[in-house]
Amino acid sequence: MKVDVLLGLQWGDEGKGKVVDVLTPRYDAVARFQGGPNAGHTLEFEGKKYVLRSIPSGVFREGQVNIIGNGVVLDPVLFREEAEALEKSGVDLRGNLRISKKVHLIAPTHRLLDAANEKAKGGKKIGTTGKGIGPTYTDKISRNGIRLGDIYHNFDEKYSALRERHLEQLRQLGAEPEGLPELEKKWMDAIEYLRGFEIIDSEFEIDKLLKEGKSVLCEGAQGTLLDIDFGSYPFVTSSNTICAGACSGLGVAPGKIGEVYGIFKAYCTRVGSGPFPTELFDETGKTIRDLGHEYGAVTGRERRCGWIDLVALRYAIMINGVTQLIMMKSDVLDGFDEIKACVAYRINGEETRQFPYSIEEDIEPVYVTLPGWKTDMTRFTSEDQFPKAFKDYISFLEKELDTPITIVSIGPDRDQTIIRQNHK
Ligand code: GDP
Ligand code: IMO
Ligand code: MG
């Protein structure tokens, strides 16, 4: 069997959690391959809402295997909070969650370093989630990190060495390790809690599943435009959010990748700093934020809003090898008279359809204006009910992006999802 991958094509928060939950019944296992608690994946069903940060979005479906792969960075304290809340609501986590020994651990000092690094950047802040993501991946790459499997191998010694190095780094940044003893106590307790879960060599687990003819869905975090290599560097996260990240973040060979689901909103948002060519600073931007409830699931920060950017989407489709598109939050535009889509950038008077090296330059988006559909679609159950203007919008996007849109989401609930019949 193949491994399918679902990932965000914009700057995150496209609705990955919702769709993974919808697609999970088609799979035997769901696996996270990168990122950490900087992610906030929202799921809604049966009148309840859940936000997942490190735990895969397949956990609500009974009998599913859920895997946290080696490419993820895990904060034991936040993991414990998340897991305890899920267990309280009746999810059998101990039975169906497996964690790679090779995940890197986010220590309390990583979070302190994240804050200190941001402060030191002054006006050029990344606007990180403050979860210690950058410093933890930095330690991984510089070969100083600690992994979950280390709890079985001289953990205290490894932790002390890391702690000393971090304290020195904090001193150099002029930051005080405030409240560290209490943070460490909570962290150590959370590590003990983690011992109660299945900590495994997840690459072998996935190989075994595939050999048994089982199927795996990989759940991306963040989005392609936040990818460390291909995103809007340096305003990015510290991992490979793209499809290739699923190979390195789970130990899956490239040839095993099957479908690549690329997920995008019918408009565009970004949280944190960095360039955003189609950002709207007017009433329309505010209307999108209000109607789409565009506030961060993790930090509660206002998300910046703008029109859909097809230049960036084409790039994301290319980098990821997307085979199917999933359009989210189309209902947010239900009441609009007109909808705009950026089809090209004008840079120094020249028009281009190619995503440039830097989008920090002066970019003027070239827009096509399409008629709105002016129909409340939130209770629709089939694509046959779509008004003509909406069907035309879908066809326009499919042509521009040269990829089929197979699923359309018309509301936050699990049930507000239209699987397009001709693409089943
Ligand atoms: P993720 O990080 O990609 O999983 O996305 P988030 O959960 O951070 O943000 C997506 C938000 O949009 C959440 O609040 C979802 O409940 C909500 N959502 C998902 N799909 C839809 C949709 O089709 N319409 C509307 N109105 N909201 C949606
Ligand atoms: P999900 O999985 C949106 C952004 C931060 C910041 C940059 C770097 O819910 O889509 P980091 O803490 O990773 O070092 O921050 O990346 N960012 C996200 N934006 N959705 C996310 O995750 C994000 N995770 C990180 O706002 O700009
Ligand atoms: Mg999110």
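Scope of the values below: all heavy atoms of this structure, side chains included, with no hydrogens, waters or symmetry mates. Just so you know, ligand 1 is whichever comes first in the structure, and atom 1 is the first atom listed for that ligand.
- A salt bridge links K286 and E283; the closest N-O separation between the charged side-chain nitrogens and carboxylate oxygens is under 4.0 Å.
- The pair E198-R98 meets the salt-bridge criterion, with a side-chain N (NZ, NE, NH1 or NH2) lying under 4.0 Å from an Asp/Glu carboxylate O.
- Note that the OG1 atom of T24 and the CG atom of N66 stand 7.5 Å from one another [nearest 0.5 Å].
- Vertex the Mg ion (ligand 3), arms ending at O of G40 and OD1 of D13: the angle is 170° after rounding to 10 degrees.
- Remark: E259 does not engage R26 in a salt bridge, criterion side-chain N to carboxylate O under 4.0 Å.
- Look at R80 and E84 and you find a salt bridge, because one of the NZ, NE, NH1 or NH2 atoms lies within 4.0 Å of a carboxylate O, short of that distance.
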Pairs under 3.5 Å, N/O atoms on ligand 2 and on the protein: can you put them in a table with the distances?
unit_1: ligand 2; atom_1: 2 (O); unit_2: H41; atom_2: NE2; d: 2.7
unit_1: ligand 2; atom_1: 2 (O); unit_2: Q222; atom_2: N; d: 2.8
unit_1: ligand 2; atom_1: 9 (O); unit_2: D13; atom_2: OD1; d: 3.0
unit_1: ligand 2; atom_1: 9 (O); unit_2: G40; atom_2: N; d: 2.9
unit_1: ligand 2; atom_1: 9 (O); unit_2: G40; atom_2: O; d: 3.2
unit_1: ligand 2; atom_1: 10 (O); unit_2: D13; atom_2: N; d: 2.8
unit_1: ligand 2; atom_1: 10 (O); unit_2: D13; atom_2: OD1; d: 3.4
unit_1: ligand 2; atom_1: 10 (O); unit_2: K16; atom_2: NZ; d: 2.7
unit_1: ligand 2; atom_1: 12 (O); unit_2: T129; atom_2: N; d: 2.9
unit_1: ligand 2; atom_1: 12 (O); unit_2: T129; atom_2: OG1; d: 2.6
unit_1: ligand 2; atom_1: 13 (O); unit_2: N38; atom_2: ND2; d: 2.9
unit_1: ligand 2; atom_1: 13 (O); unit_2: T237; atom_2: OG1; d: 2.6
unit_1: ligand 2; atom_1: 20 (N); unit_2: D13; atom_2: OD1; d: 3.1
unit_1: ligand 2; atom_1: 20 (N); unit_2: D13; atom_2: OD2; d: 3.4
unit_1: ligand 2; atom_1: 22 (O); unit_2: Q222; atom_2: NE2; d: 3.4
unit_1: ligand 2; atom_1: 24 (N); unit_2: Q222; atom_2: NE2; d: 3.2
unit_1: ligand 2; atom_1: 26 (O); unit_2: G127; atom_2: O; d: 3.4
unit_1: ligand 2; atom_1: 26 (O); unit_2: V271; atom_2: O; d: 3.1
unit_1: ligand 2; atom_1: 26 (O); unit_2: R301; atom_2: NH2; d: 2.9
unit_1: ligand 2; atom_1: 27 (O); unit_2: V271; atom_2: O; d: 3.2

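- Of the protein's non-hydrogen atoms, the one nearest atom 15 (C) of ligand 1 is T42 CB, 3.9 Å.
- Every atom of ligand 1 with a heavy atom of G17 under 4.0 Å away is listed here by number and element: 4 (O).
- Between N144 atom CG and K158 atom NZ the span is 12.5 Å, to the nearest 0.5 Å.
- No cation-pi contact links R289 to F281, judged by a cut-off of 6.0 Å to the six-membered ring centre and 45° from its axis.
- Under 4.0 angstrom from ligand 1, there are no non-hydrogen atoms of V51.
- Counting only heavy atoms of the protein, atom 23 (O) of ligand 1 lies nearest to S409 OG, 2.5 Å.
- For a threshold of 3.5 Å applied to N or O pairs, the pair formed by K16 and ligand 1 contains at least one separation below that value.
- Ranked by closest heavy atom to atom 21 (C) of ligand 1, the top entry among E294, E219, K329 is K329.
- For ligand 1, one of its N or O atoms has an N or O atom of G15 under 3.5 Å away.
- Electrostatic pairing of K185 and E182 does not count as a salt bridge here, judged by no charged N lying under 4.0 Å from a carboxylate O.
- A side-chain donor from one of H166 and D139 sits under 3.5 Å from a side-chain acceptor of the other.
- Residue contact check for ligand 1: H293 places no non-hydrogen atom closer than 4.0 Å to it.
- Ligand 1 has no N or O atom lying under 3.5 Å from any N or O atom of K18, backbone or side chain.
- For atom 2 (O) of ligand 1, the nearest non-hydrogen atom of the protein is G40 O, 2.9 Å.
- To the nearest 0.5 Å, the span separating CD1 on I68 from OG on S100 amounts to 9.5 Å.
- For the side chain to side chain contact (heavy atoms under 4.5 Å, CB included) with D331, the lone residue among T375, V408, L291, T378 that qualifies is T378.
- In this structure, R303 is part of the shell of residues with a heavy atom less than 4.0 angstrom from ligand 1.
- A side-chain donor from one of N38 and Q222 sits under 3.5 Å from a side-chain acceptor of the other.
- For the pair R111 and D75, the salt-bridge criterion is met [side-chain N within less than 4.0 Å of a carboxylate O].
- Counting heavy atoms under 4.0 Å from ligand 1, residue Q222 does not touch it at all.
- Close to ligand 1: G411, with a non-hydrogen atom less than 4.0 angstrom away.
- The E44 neighbourhood of ligand 1 comprises atoms 16 (O), with distances under 4.0 Å to a heavy atom of that residue.
- Ion pair D13/R303 flagged as a salt bridge, since at least one NZ, NE, NH1 or NH2 atom sits closer than 4.0 Å to an Asp/Glu carboxylate oxygen.
- Numbered from 1 in the order shown, with element, the atoms of ligand 1 that lie under 4.0 Å from a heavy atom of P412 read 16 (O), 18 (N), 21 (C), 22 (C), 24 (N), 25 (C), 26 (N), 27 (N), 28 (C).
- For the pair E383 and K391, the salt-bridge criterion is not met [side-chain N within less than 4.0 Å of a carboxylate O].
- Residue nearest to atom 9 (O) of ligand 1, selected from D13, L333, T378: D13 (by heavy-atom distance).
- Contact annotation: for D331 versus ligand 1, heavy atoms closer than 4.0 Å belong to the side chain alone.
- Remark: ligand 1 atoms within the under-4.0 Å shell around heavy atoms of M328 are 20 (N).
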